[in-house]
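Report on the structure given below.
The chain is numbered in sequence order, starting from 1.
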Amino acid sequence: MAVTDTTPHPAVTDGLRLIPAHSIRRRVRLERLTYGAATLGITLAPQQADLWPVHLGAAGIAAGTFYWLYARWETVHGWTGFLKACQKAVPALTGAAVYLTDRLTPGAAWWEYALPVAWGATMAATTPLTSAAGLIPEQTPDTPNTPALETAPAAIEQAPPATYGEYRARQWANARTTGNTLLTSVTQYQDYAPDFWGIVTALEGEAVPDLNPTTLAGIFDLPVGTITLNLIDGQGPGRKLLQARPTLDDAQQALQDPIPRLFNDRLARPGGGATGMHLAAYRTDSNRIALRVTAPDGQMIQLNQKQITRSLGYTDPSLVTVETDGMGDGVISIYKTHPLLNVREATIEDLTMQPDGTIALGQQPDGRIGRIPLYDPQMGAITDLFVGAPGAGKSVTLLHVIAAERISGIVSIVADAQDGMSLPEVDGRVYHFGKGIAATAATIAAAVDLGKYREKISSENGWGSFDIGNPWRLVNITADELNRILSADAVVPRPYRKWVTGLVGDSQSTGRKLGEGIRFAAQSIHLADLGDKDRIRANAKNGTVWLGRTNSSTTQHMARDGVLPPGVELAPIPRYFGTGDNAIDAAFEGKEAKHGPITAGMANIINGGSLYTNRTWYARKENKTYPGLIALMESAPIPGLTHEEDLVFQTAYAKWLAFAEALLIGGDTEEGIEQAGAAAQTVAEDRLAALGIHDDDEDDQPSSGSIKDRILDVLTDGPMALKDVRRKMLDVAPGSVNNAMAELHNAGHVTAVSRGTYQLTD
C-alpha cells in the first residue's frame, strides 16, 4: 500500500524519533554540563607547556573526528545524512581548534581566555548533539483516562505511529492478505535505512500464510524481491521471520566478488547455459577467466557453449570454450581476445610419439598443448575421424599427423581420393600413397589383406594382441576425401560404394589387435557411411574426432553423433576470428562486413570421451606446398613393412586396383561386376607369376565365374542365411546377390530352408 501524507516514513521524516519530553530535557542538561567542563579544560590546559598527553589528546580528537566524518561520507545515504554527521562533529572539531589555537600562540593574551568561554556558551545554547538526533517530544493525550474503544475510528486511523516499528506493524495489519497475523519485534538494521526485520505470529493453532514476493512488496511499498518470509529454525509455522532489505542487499551485492556474481546472475540462472550448476572455483589472468563448474549431487554436468556466450553478451562463440569430464565437472573459459590468433610452427619434439601414444598437435586456448593419440598402448590401434570444409585446415592437420608417424617410426599408408591434390606433400614421402578414387579403394582393400595376413600369422603363433616392433611395425591408414566415394551424392556406382563400405567395416573389425589403425577424413560424411557406426562411436572413445569448421550444422551433427560427451553442446567453428555482430551490423546498414583472420586449423577435438578446442600448429605455404612440413617428414627415414608384408600388400594393391578401375566403369551391371573380378584375377596371377609365386588360395581373389556359380560354391558348406552369403561376396553388390539367389530358387537349384536361409537342392 502507498504511504500516506500523515504516515511517517524513514525516507520522509529523515529519522526523527518520538520520545518523552523529560528525556529530551535530561539529555540537554547533560550535554550543557559537558560543554561547561570542557570550557574549563580548554581555558587552563593550553597554558601548561608540560601537559603533552593532554595536548596530544586534543590533536587526536580532531584527527579522529575528521576520520569519522570521512567514513560517514562513504556510508550515509544522501546529503541530509552527511549534514547531520557534520552537526554532530561540530563540538569536537571547534573545541579542538580553540584548544590548539591557544596552545600554539605564545604568551597569554586576553582573547585566549575569552575564546574558550565563547565556545562553551555557543555550544550550550545550540546543543548540536541533541539537535542532530532528531528528537521530538511525545504529545500527552488530553484525556488519558478515555477508553481506547471510545475513540473515533477515524481518529485511530489518522493518529501517527509513535515508532518506526509501529509504522511497519500497522502496514502489515492493514493489508488484506495478512489475515489475523501480527508483525511484532520490528527492528531496524540501521537508523538511517529502511531495512528491518520482525516476527510474524499467527493465532494459536494457525499458520502464518505463505506470501509471494509481489504481495510482500505491496504490503510495505518496497521493491519486489527485497522482502522474505521464512520459517524459524526450531519453531513451527505459527511464527516466521520477516526480513526487508531493500538497501542492504544492494550494498552487499556491490561488495560481492564480481566473478561469482557474474556466474550466478548470468550463467546459473534458467536459460543461462549452466542452469542449476555450481561454481566451485575460479581463476583469472590477463586474458582469461576460468570457471570450475560442478553439477548438483545426482545430476550430470550440463553446459551449453552457445547459450553461455549469449548470456555473457558475447557475439563471438570462439571466445568461450567448454570442457567437461562427461560426468559432474567442467570448466568454462572466457577470453577477452582470441588466444589462438597466432600459434608457432611444429618441432620434431612436438611430433615424436610419447610412451602414452600421443603427439602434440597444436595449442589450446588456455595455453596448454593439444595432444592426440597415434596409438593406445592399452586398447591397440585406433580409429580417427577428421571432418572439415575446404579451408578449415584439415589437410594441414593431416600432414602434421603423417609427419609425426614418419618421425615416430609408424608405417603410413595414405590414400587421397582427390587425385593426390589434397595431400601432395605426402607423395614419395610415405610407404604408400594412392591417388584417385580407384587407388583409394584399392589401398584400403590391400590394407585389409595385410590385416588378414597378420591375423593368420598371429593365429598360428597363438598371439592375442599386438606389440609394436615385435615382429611388425604399427601401421596407420589415412583415407582422405573419402566423401567422394561414400557420401550419398558421390558419382560412383552403387556396388562400388557398397564394396568400399564393406572394406571400411573390415578394417575396423580386424585392425585394433593387429597394429593397423585407420583414419577417415572428409569434407562431409555421416558415421553410417563408414560401415558400422556403432563401432566408429566405440573406437572414437580411444581415438580422435577432429571437428573443424563445416559448411552445415547437419554435417557437424553427423560427425559428432554418439561421440560427444553427454551434457555438452558445442558451438561451430566460424570461418573468421572476430565474427559476430559485425556481420549483422553490416547487413542492417547495407555494407560489406569486415572479416578478421581465417580460423584455419581451429577444431573441436573429441578424445577419450572429453572435448577441447585446439588449433593446429602454423604451417607456412610457399609455391603451393608447405616446406616446413616437408622438412619435418624428411627428418627421418620412411618406415616400411617387412618383406613378407610388403609382398602381400603390393600384390593385393595391384589386384584390387584393377578390380576398382573395372568396377568404376561397369559396376552398374552384372556383366561389369564379373569383368571387374576377372580383371583382378588376371592381374593377381600375372604379378605372382612375375615373382615366381603360385597362389593356391583363390578365396581372396574375385571370381571370374558368374555370381550364381559363386553362390552355389558358397552353399556347398551347408545351409546359409542370405546375409552371410552377401558377406562372403563383398566385391559383389548386395542387390545382385539377392537377384541371383532368387533366380537360383526359381530354377530349383536352391531351396529355402526358412525365411532368408537357403541350401542346395538335393
Side-chain angles (χ1 to χ4, degrees), residues 210-214 216-217 223-231 245 249-250 252-284 288-336 364-366 545 547 553-554 556-557 559-574 579-581 584 604-613:
D210 293 324
L211 303 179
N212 61 51
T214 302
L216 290 171
V224 176
T226 61
I227 307 174
T228 59
L229 184 62
N230 300 307
L231 290 169
R245 301 170 63 92
D249 285 343
D250 290 341
Q252 289 183 358
Q253 186 178 24
L255 296 175
Q256 184 185 3
D257 194 319
I259 303 301
R261 191 168 75 244
L262 171 75
F263 180 83
N264 294 325
D265 293 349
R266 297 195 181 187
L267 305 184
R269 63 176 175 80
T275 304
M277 302 296 109
H278 301 314
L279 179 63
Y282 70 89
R283 57 182 300 180
T284 62
R288 174 182 179 240
I289 299 175
L291 307 176
R292 178 71 179 270
V293 183
T294 62
D297 291 342
Q299 297 186 27
M300 302 294 288
I301 192 79
Q302 298 285 336
L303 301 177
N304 186 310
Q305 180 184 4
K306 187 178 292 186
Q307 187 60 56
I308 291 172
T309 304
R310 183 74 178 98
S311 298
L312 292 172
Y314 277 29
T315 57
D316 187 354
S318 62
L319 290 173
V320 177
T321 62
V322 170
E323 186 174 350
T324 78
D325 64 355
M327 296 296 291
D329 293 319
V331 174
I332 302 172
S333 295
I334 307 166
Y335 296 94
K336 183 178 179 181
Q364 299 183 50
D366 58 8
V545 175
L547 187 56
S553 59
T554 302
Q556 186 184 85
H557 173 74
R560 71 185 185 183
D561 182 30
V563 297
L564 190 66
V568 176
E569 288 292 334
L570 56 85
I573 302 296
T579 57
D581 56 356
I584 301 302
N604 291 305
I605 294 182
I606 307 169
N607 185 276
S610 64
L611 167 72
Y612 63 91
T613 302

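- Note that CD1 of Ile332 and CD1 of Ile289 are 11.5 Å apart. Values are rounded to the nearest 0.5 Å.
- Closest approach of Tyr335 and Tyr314 over heavy atoms only: O-OH, 3.1 Å.
- Partners of Ala281 under the side-chain contact (heavy atoms from CB on, under 4.5 Å) rule, at least two apart in sequence or in another chain, are Arg292.
- In this view, Thr613 and Asn604 satisfy the side-chain hydrogen bond (donor to acceptor under 3.5 Å, both in side chains) rule, not counting sequence neighbours.
- The environment of CG in Asp297 is sparse: at most 12 heavy-atom neighbours from other residues, nucleotides or ligands sit within 6.0 Å.
- Scanning all heavy atoms of the two residues, the minimum distance from Ala280 to Thr294 falls at CB-CG2, 3.9 Å.
- How far CG of Asn264 is from CE of Met277: 13.0 Å, rounded to the nearest 0.5 Å.
- Inter-residue side-chain proximity for Leu262 and Leu312 is flagged as met; some heavy-atom pair is nearer than 4.5 Å.
- Closest of all the heavy-atom pairs between Phe263 and Val293 is CE1-CG2, 3.9 Å.
- Rounded to the nearest 0.5 angstrom, Arg288 CZ and Ile334 CD1 are separated by 10.0 Å.
- Atom OH of Tyr612 and atom CG of Asn607 lie 5.5 Å apart (nearest 0.5 Å).
- Gln302 CD to Gln307 CD: the interatomic distance, rounded to the nearest 0.5 Å, is 13.0 Å.
- Put simply, the side chain of Leu267 reaches to within 4.5 Å of the side chain of Leu291, judged on heavy atoms.
- The two residues Gly271 and Ser311 have their closest heavy-atom pair at O-OG, 3.8 Å.
- Going from atom CG of Leu211 over to atom OG1 of Thr228 covers 12.0 Å, rounded to the nearest 0.5 Å.
- Arg269 and Arg266 get closest at one heavy-atom pair: NE-O, 3.2 Å.
- The shortest non-hydrogen separation linking Ile301 to Gly328 is CD1-O, 3.8 Å.
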